[in-house]
Amino acid sequence: MTQTSERSAHVADAAPDAGLAAERVRWSVGGRLILDDVDVTAPPAAVTGLLGPNGTGKSTLLRLVAGVQRPDGGRVSLAGAAGAEDLLAMPRRRRARMLAFVEQDAATELPVTVLDAVLLGRTPHRSLLAGPTDDDQALARAALDRVGALALSARDVTTLSGGERQRVHMARALAQAPRVLLLDEPTNHLDVAAQLATMRLVRELTVEGVTVLAALHDLSLAAATCDHAVVLAPGDAGHVVAAGPVDEVLVPAVIDPVYGVRTTVLRHPRTGRPVLTFEEA
Amino acid sequence: MTETAARATAATPRAGTLSRRRLLAWLAGTTTALVGTVVVAVAIGPAGLTPSDVAQVVATRVGFGDLLGLAAPDTLTDGIVWQLRMPRVLTAAAVGAGLAVCGVVMQSLTRNPLADPYLLGLSSGASFGAACVLVLGLTAVLPVAAFVGSTAALVATLALASASGRGAGGLSPARTVLAGLAVSQLAAAATSFVIFWSAKGDQYREILSWLLGSVAGATWTSVAVAGGAALVIGAVLASTGSLLDAFTFGDTSAAALGVPVARVRWGLLLAVALLTGALVSQSGAIGFVGLILPHAVRQLVGARHRALLPLSMLCGATFLVWADTVARTVFAPRELPVGIVTAAIGAPVFAVLLWKGRARS
């Protein structure tokens, strides 16, 4: 945990005002339009929740932003000190130095150790012919320490529990030292304490200047931990029905028609954050 | 992170990752074992030679005989060592090394611990290619035909595996193995058909040795083809450690780490098909080497490819030389095709891997 402050200084210097923008992004598979001219922005150094029922293209959108798949059309850019940079046009490795992506349920059957799994995050930062350097090792350990998983270093990842594995993936993303962190359902399969720990870590990263875009299905968790929210609607090819500060977006008028529920928004007596409860419509 | 922080954490011992020193020690050890294996294996057999006889012949042949003051070996010993056994042992070593490295690469790219050139149909495809040109009497283009066969089988297996729907992380292990089985069976049936239709006389025996896998007929030409392919393509594949590591958690995660997934996958799989074709054209389809060796080496040194790739090659070479030595001595004077020996060891290993995979999921 000791490296936190030094690390944050470094990240903040690199990107004083990074903000992520996906504009008019289009994607279809097998003739079916999944995303049609979708605009999503993630303001700098904040957590933006990507919300919407299953099948609205949240994961697809993250994959397109991460550069894992190429959109059929549209633009993805990251604003930084040097102006907006086109993420789709830049070389993959350069993009991977700016963006880290934690996908859902990434697993392996190969008996790699936790430390080696986290070291993968250093891949875009070094030559592909070279092995990890001592600095890479140190960064990987610092990342593991940060997610509270340093004790797992020597464990085989195939033997980890779901929560432990998720922490290792988060550590891998941290080792990538990104300006933008893309998370696909980062709290899936986690118990409530692990969910809160994950989101606390994410919030800490924003303080250090990291921009976070996270697909979430737990609206209450999103209300408690996100700064901004984007809601994708089901039905005809995912479009954005609402976007903005979480207080303005997570309201019954937006949620009820999208999810087909009746929502009541309460205020948390201590934090003052919105708390959402649902009934069947 | 600053320099000092990096130094401080670097000082703590590393877990899991094989240090450079230990990797070099492993490489030195396995290389020594391979050289020793070759010398001893050449000596083993009915002629009652000793390893020093072998060393004497080799030294004389490579031109160090006079320098070391060795007497010229007698013609019979020279013939047995240099013309008969050495090509066979070296071919076995090259095939073992090549199949093992193919196994590692395929297992990583398909994220499937059961993948190997034999199980995914590449070897059967190569055998089919080889059988076709053998019945036509075009022995000269054997390696090319085997390569075409293995590539076609590779494409068919992967197309079949992905046609039945694509999961988020790429091809599912079970589907890939099933697709490989289908392609393998189809290629085997086609091979049988070719033999049944047009082979005559001696061609039967020749083709049968391709189907069972054998290095009994190996010559110095076999050493050149199999050894050259194993050294050149093997060296290329062995240098891709970091790329293969990036595939640990699947295609998506590799792409997010900046790896050009499609290009790397097809480039490496094509290299694997090329190498498999070259090997099968000399030894026939020897099964399970690509399955057993990477698995065993992983148990010893972990799953990092920088260590796994070269060590699998060296251990694969040693393994197949011994397997072939067993094949030609255990029922002497009768010889078994080495493919029977590797299958006898490999099938149980395959079963254990299946069982472990089941227990985990």
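We name chains A, B, ... by the order of the sequence lines, and we start the count at 1 in each one.
Of the residues considered (A/V157, A/V68, A/D136, A/L182), A/V68 shows the highest number of contacts with chain B, using heavy-atom pairs under 4.5 Å. No other option in B/A246, B/S239, B/S108, B/S253 has as many heavy-atom pairs under 4.5 Å with chain A as B/S253. Note: A/P124 leads A/P124, A/A100, A/G67, A/A66 in heavy-atom pairs under 4.5 Å with chain B.
Looking at A/L99, the atoms closer than 4.5 Å to chain B (heavy atoms on both sides) all sit in the backbone: N, CA, C or O. Only the side chain of A/H169 comes within less than 4.5 Å of a heavy atom in chain B; its backbone stays farther off. Of the atoms belonging to A/R155, not a single heavy atom falls under 4.5 Å from chain B. For A/A107, the part lying near chain B is the backbone, with the side chain staying farther off; criterion is any non-hydrogen pair under 4.5 Å. When heavy atoms are compared at a cutoff of 4.5 Å, A/V102 does not approach chain B at all. Neither the backbone nor the side chain of A/R94 comes within contact range of chain B, judged by heavy atoms closer than 4.5 Å.
Of all non-hydrogen atoms in B/A303 and A/P111, the two that sit nearest each other are CB-O, 3.8 Å. The shortest non-hydrogen separation linking A/R92 to B/P260 is NE-CB, 3.4 Å. In terms of heavy-atom proximity, A/E103 sits nearest to B/F249 at OE2-O, 3.6 Å.
In this structure a side-chain-to-backbone donor-acceptor pair under 3.5 Å is missing from A/T123 to B/L257. Judged purely by atom type and a 3.5 angstrom limit, A/Q176 uses its side chain to pair as donor or acceptor with the backbone of B/A256.
Here the CG-CG distance, from A/L120 to B/D245, works out to 6.0 Å after rounding to the nearest 0.5 Å. Atoms OG1 and CG, from B/T252 and A/L62 in turn, are 11.5 Å apart once rounded to the nearest 0.5 Å.
Side-chain atoms of A/T113 and B/R304 form no donor-acceptor pair, as typed in the model, at a separation below 3.5 Å.
Enclosure of atom CZ in A/F101 by more than 12 non-hydrogen atoms of other residues, nucleotides or ligands within 6.0 angstrom is indicated.
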